[in-house]
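These notes concern the structure reproduced below.
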Amino acid sequence: GYLLSAYSVASVISGFWMPWFADKYGCRKGFLVSLMGSSLGAIGQGLASDFSTFLAVRFLAGMFSGSAGMAMAYISQVCAPVERPKYFPYVGTIIMTAFALGPGFGAGISSLTDDPLFKGQLPMFCSSGLGLSAFLLAYFRLLDPADLKKKDDDAPGASGGDTTAAATSSSSSKQDV
């Protein structure tokens, strides 16, 4: 129970500090911090040599479990209100797919080795690799919402202060979230 509780308690705490961080530094940076923290947490769990260390690193991993919230905040900032219902369900679907398929993938990955110690580490290392891949993809491809707004303001026909029409008309030119 301690392992599940440590991550869950930290996730609740993350629900308080991550939105603050996103408000202060931007949701793109919040999303990147969440992805990197998740990646480092997974590799830390794979490298933990005893239960106490594993428990502590599991708690730290939970402190960065706000990727879904950061994704929803990003969608809110870059999509017109009429488009949001189209993208929000994707976040929920991804979460449910991860809960449904993740344990099976982890078990399958652990069966690739006969070493009893590495059986527990391999899924964590793979999870860390996925988190790092997501971080790199977001770092190089995900634009800051302020930059997207500036593009809309600079677009031909944009009326300086009101970006609603520009955001709606140029939403197809924005990258898919």
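The first residue in the sequence is number 1, and the count goes up from there. These numbers come from the heavy atoms of this one structure, side chains and all, not from hydrogens, waters or symmetry mates.
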Closest approach of [X] to [Y] (non-hydrogen atoms, all atoms of both residues):
| X | Y | result |
| --- | --- | --- |
| Leu122 | Ile109 | CD2-O, 3.2 Å |
| Pro145 | Gln77 | CG-OE1, 3.1 Å |
| Ser110 | Ala107 | OG-O, 2.9 Å |
| Ser128 | Ile43 | OG-CB, 3.5 Å |

Mind checking the [atom1]-[atom2] spacing from [X] to [Y]? Nearest 0.5 Å is all I need.
| X | Y | atom1 | atom2 | answer |
| --- | --- | --- | --- | --- |
| Ser49 | Phe54 | OG | CZ | 12.0 Å |
| Cys27 | Leu142 | SG | CG | 7.5 Å |
| Leu47 | Gln121 | CG | CD | 6.5 Å |
| Asp144 | Tyr74 | CG | OH | 7.5 Å |
| Leu137 | Leu132 | CG | CG | 11.0 Å |

Do [X] and [Y] share a hydrophobic cluster (ILVMFWY, side-chain heavy atoms under 4.5 Å, transitive)?
| X | Y | value |
| --- | --- | --- |
| Leu101 | Ile94 | no |
| Phe16 | Tyr25 | no |
| Phe140 | Val78 | yes |
| Leu35 | Leu130 | no |
| Phe21 | Phe135 | yes |

Geometric class of the Tyr2/Phe51 ring pair [parallel <30°, tilted 30-60°, perpendicular >60°]: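 The arrangement is perpendicular - the two ring planes meet at more than 60°.
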Parallel, tilted or perpendicular: rings of Tyr87 and Tyr90 (30°, 60°):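 Perpendicular.
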Residues Arg28, Tyr139; criterion side chain to side chain contact (heavy atoms under 4.5 Å, CB included); working and verdict: CA-CA 9 Å; Arg28 179 182 181 272; Tyr139 182 81; 4.0 Å; yes
Donor-acceptor contact below 3.5 Å, side chain Ser76 vs main chain Met72: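 Yes.
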Donor-acceptor under 3.5 Å (Ser133 side chain, Gly129 main chain):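 Yes; at least one donor-acceptor contact below 3.5 Å.
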Would you tabulate the side-chain donor-acceptor contacts of residues 57-71 under 3.5 Å, counting partners in other chains and residues two or more places apart, or write 'none'?
unit_1 : atom_1 : unit_2 : atom_2 : d
Arg58  : NE     : Leu3   : O      : 3.4
Arg58  : NH1    : Gln45  : OE1    : 3.2
Ser65  : OG     : Ser11  : OG     : 2.9
Ser65  : OG     : Gly62  : O      : 2.8
Ser67  : OG     : Ser34  : OG     : 2.7

Flag if over 12 foreign heavy atoms under 6.0 Å of CG, Asp50: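 Yes.
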Side chain to side chain contact (heavy atoms under 4.5 Å, CB included) assessment of Lys119 paired with Leu112: CA-CA 8 Å; Lys119 271 191 183 297; Leu112 297 175; over 6 Å; no
